[in-house]
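Since we're looking at a predicted model, the values are computed, not measured.
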Amino acid sequence: MSKLVKKAEEQIKTAIKNAFNAAFENGELTRGEIPEINVEVPADRANGDYSSNAALASARIFRTSPRNIAEAVKKNISLDGTYFEKCEVAGAGFINFFFKRDFYSDVVLDILHSGEDYGSSDMGKGKRINVEFVSANPTGPMHMGNARGGALGDCLAAVLEKAGYEVEREFYVNDAGNQIEKFALSLDVRYKQLYLGEDAVALPEDSYHGKDIIERAKQFAEIYGDSFMDKPENERRKALVDFALPKNIALMKENMSKYRIEYDTWFLESSLHKGEIADVIEKLKNNGCTYEKDGALWYRNKDLLTKMLLSQGKTEEEIEKLELKDDVLIRQNGNPTYFAADIAYHRNKLEKRSFDTAIDIWGADHHGHVARMKCALEAIGIDSSRLEIVLMQLVNLVKDGKPVKMSKRTGDAITLSDLLDEIPVDAARFFFNMREAGSTIDFDLGLAAEQTSQNPVYYCQYAHARICSIIKKAAGEGVELRPVTKDELSLLSSPEETEIIRFLSTLTGVIEGAAKFRDVARITHYVYDLATLFHKFYNAHKVMVEDERIMQARLSLCVCVRDTVKNLLSLLKISAPETM
């Protein structure tokens, strides 16, 4: 919460505590231990700016009705030197508090003084968080799930930074294992088809069928011709992968940059095969978590995860429905599985690189992997609460009221690159963060491209541009913004002005909530609601009025809204145009 909001809440708590003590002294209440005093914002502001249930919480202690306690508090309370002008007793014994104008004036002055830092928090000071997102296989173009994951992960990282955390953005490149073997096979088939014909070499059903594979095979052939046709299969496939993989990774980086995402780390899975996977396998063996069967090394997932879930309160019947199975760590051919690499990777983040927390953005289809990953961390001695998984639901593309079909198998999926060619990056980043990660999104391509108030991001940007226009017009009329006094700001007393300032005062709390609950949608909702409040104010009041003091106060309020909208959009790497 902002320092002013925190100060106001502490003032209420202190005033209530002092009122209790005064009531003890004059015999209005039987002396007892004062309970912890909580304050909250009422749903209906007609009931005050803050409310406390201290009287209800202490009824048993003081052996009288909450209403009597609340009346005693009100009678003995002093609000001198606080941001509050009065308190009232309501209902069964709620104590409601109402702000003085001083509070609103100080909020505006605080925003004007803080600039870009307004809303920042030190909640995460001293804590390091790794946010890993997108991490698409480098075997083909990035799809819509990656588009949502990119916006979610990058914006969440920005919110965490705003809340005081030290954050590292990471892309995990799956450049080893089965996916690469399948990639090599697909490239090999497409390469041979160039010289032997498609009928001569069949493409297996479970290989990659995308047009990008054909394109990479052609690019390879343009350089090497048919010189690899007579090479051994393993040599040819290695050459194809060594040629195509760096190009795909470079394209990923290009697409991410186009999406305004810059990673701190591109972590290669292959680097784990140089000893870290072997280390984690050895640790699991030593901890009695493995066994050998049919020439492979297995992880005792069923027993270990059952034990963990029982300790968390799950019943045996609930666990049985999960149909848990053990997992292979090392295949018969001696190659480690993706699961083994994944355990080593998370150990690398949490133990070797010592991040306090690792946050992974995964598709909802990976939900079954969450518990077993956490259990595996416990099995190697790492507190699994340090790993957090944000599961994101599917994206349904809609255009002209009809669903846009996507097919990954046929290679006709709409890619991230396709999406950004069709709609502005601003819209993509905003739309993907309009709902919490666990909600399915119906992404309206037509709406995202519209330049009307129906488009949420345009609506927010227009509020910023409108304020820039007001200030530009004022300058054109010879009016310069000057420092305003608290007395002048106290003139901002209309419901529309008060509502905006009160809303602005909550920003730090919104930032902290978004960081705590890993929910960037709180930020997009906040910007949208702030834009709505400003448009409401603009329609109700003229800024350029004859009374110079009111005019300057309103111009200052406009600056607060403008800067807050711009700062939050910039936080999400969304532009804030000055003209539209």
- For Ala448 and Ala427, which heavy atoms make the closest approach, and how far apart are they? O-CB, 3.4 Å

- Query: Just wondering, do Asn18 and Ile77 contact through their side chains at under 4.5 Å, heavy atoms?
  - Reply: no

- Heavy-atom pair with the smallest gap, counting every atom of Asn96 and Ser51: OD1-OG, 2.8 Å

- Can you find a side-chain donor-acceptor pair between Asn396 and Asp442 that sits under 3.5 Å? yes

- Task: Work out which heavy atom in Cys155 is nearest to a heavy atom in Asn433; give both atom names and the distance.
- Result: SG-ND2, 3.3 Å

- Can you find a pair of side-chain heavy atoms, one from Leu557 and one from Ile501, that are under 4.5 Å apart? yes

- Message: Just by distance, no angles: are the side chains of Ser575 and Asp426 close enough, under 3.5 Å, to form a donor-acceptor pair?
- Response: yes

- Task: Grab the two heavy atoms, one from Met434 and one from Pro456, that are nearest each other, plus how far apart they are.
- Result: CE-CG, 3.7 Å

- Task: Answer with yes or no whether the side chains of Asp360 and His366 bring together a donor and an acceptor at under 3.5 Å.
- Result: no

- Task: Would you verify whether the NZ or CZ of Arg101 falls within 45 degrees of the ring axis of Tyr104 while also being under 6.0 Å from that six-membered ring's centre?
- Result: yes

- Query: How about Tyr118 and His113: are their ring centres within less than 6.0 Å of each other?
  - Reply: no

- Query: Any ion pair linking Asp519 and Arg522 (charged N to carboxylate O, less than 4.0 Å)?
  - Reply: yes

- Can you list the residues that meet the side-chain hydrogen bond (donor to acceptor under 3.5 Å, both in side chains) rule with Asp106, with sequence neighbours excluded? Tyr83, Lys486

- Taking side chain as C-beta onward, heavy atoms only, is Leu530 less than 4.5 Å from Val561? yes

- Item | Side chain proximity check, Phe133 to Asn146, heavy atoms < 4.5 angstrom | no

- Query: Taking the six-membered ring for Trp, are the ring centroids of Phe62 and Phe24 within less than 6.0 Å of each other?
  - Reply: yes

- Aromatic ring proximity Phe503/Tyr526, centre distance under 6.0 Å: yes

- Please determine, by modelled atom types, if Glu450 and Thr452 share a side-chain donor-acceptor pair under 3.5 angstrom. yes

- From the list Arg148, Arg429, Arg260, salt bridge (Lys or Arg N to Asp or Glu O under 4.0 Å) with Asp154 holds only for Arg429

- Query: Should Ile470 and Leu555 count as side-chain neighbours, where that means a heavy-atom distance under 4.5 Å?
  - Reply: yes

- Identify whether the distance between the nearest side-chain nitrogen and carboxylate oxygen of Glu262 and Arg169 falls below 4.0 Å. no

- Task: Would you indicate whether the side-chain heavy atoms of Arg502 and Asp49 approach each other to under 4.5 Å?
- Result: yes

- Message: Ser135: which residues meet the side-chain hydrogen bond (donor to acceptor under 3.5 Å, both in side chains) condition with it, sequence neighbours left out?
- Response: Glu132

- Would you find more than 12 non-hydrogen atoms of other residues, nucleotides or ligands less than 6.0 Å from Lys374 atom NZ? yes

- Item | Test item: Lys100 side-chain N/O and Thr82 main-chain N/O as donor-acceptor pair under 3.5 Å | yes

- Is there a donor-acceptor pair closer than 3.5 Å between any side-chain N or O of Ser114 and the backbone N or O of Asp110? yes

- Query: Atom CG in Asn76, atom CZ in Phe20: separation rounded to 0.5 Å?
  - Reply: 10.5 Å

- Item | Parallel, tilted or perpendicular, as decided by the 30° and 60° cut-offs, for the rings of Tyr538 and Phe534 | tilted

- With Arg554, which of Glu496, Glu548, Glu488, Glu497 fulfils salt bridge (Lys or Arg N to Asp or Glu O under 4.0 Å)? Glu497

- Query: Quick one: do the Ser570 and Asn567 side chains pair a donor with an acceptor below 3.5 Å?
  - Reply: no

- Can you find a pair of side-chain heavy atoms, one from Met392 and one from Trp362, that are under 4.5 Å apart? no

- Heavy-atom closest contact (Glu318 atom, Lys314 atom, distance): OE1-CA, 3.5 Å

- Message: For a ring-ring contact (aromatic ring centres under 6.0 Å, His included) check, start with the C-alpha distance between Phe432 and Phe443, then their side-chain angles and the critical distance, and finish with the verdict.
- Response: CA-CA 8 Å; Phe432 281 128; Phe443 195 111; 4.9 Å; yes

- Task: Return the minimal non-hydrogen interatomic distance between Thr508 and Ser120, and the atom names on each side.
- Result: CG2-O, 3.6 Å

- Item | salt bridge (charged side-chain N to carboxylate O under 4.0 Å, His left out) between Arg31 and Glu25, worked out | CA-CA 8 Å; Arg31 187 176 295 277; Glu25 290 297 327; 3.0 Å; yes

- Query: Salt bridge between Lys536 and Glu499, side-chain N to carboxylate O under 4.0 Å?
  - Reply: yes

- Would you call Arg353 and Glu170 a salt bridge, using N to O less than 4.0 angstrom? yes

- So, Arg549 and Asp487, do they make that salt bridge, N to O below 4.0 Å? no

- Message: Glu28: which residues meet the salt bridge (Lys or Arg N to Asp or Glu O under 4.0 Å) condition with it, sequence neighbours left out?
- Response: Lys75

- Query: Can you tell me how far the CD atom of Glu161 sits from the CD1 atom of Ile511, to the nearest 0.5 Å?
  - Reply: 12.0 Å

- Side chains of Glu512 and Ser121: is there a donor and an acceptor less than 3.5 Å apart? yes

- Message: Are the side chains of Val565 and Tyr528 in contact, using a 4.5 Å heavy-atom criterion?
- Response: no

- Would you call Lys6 and Glu10 a salt bridge, using N to O less than 4.0 angstrom? no

- Item | Flag for Glu378-Ser384: side-chain donor and acceptor within less than 3.5 Å | yes

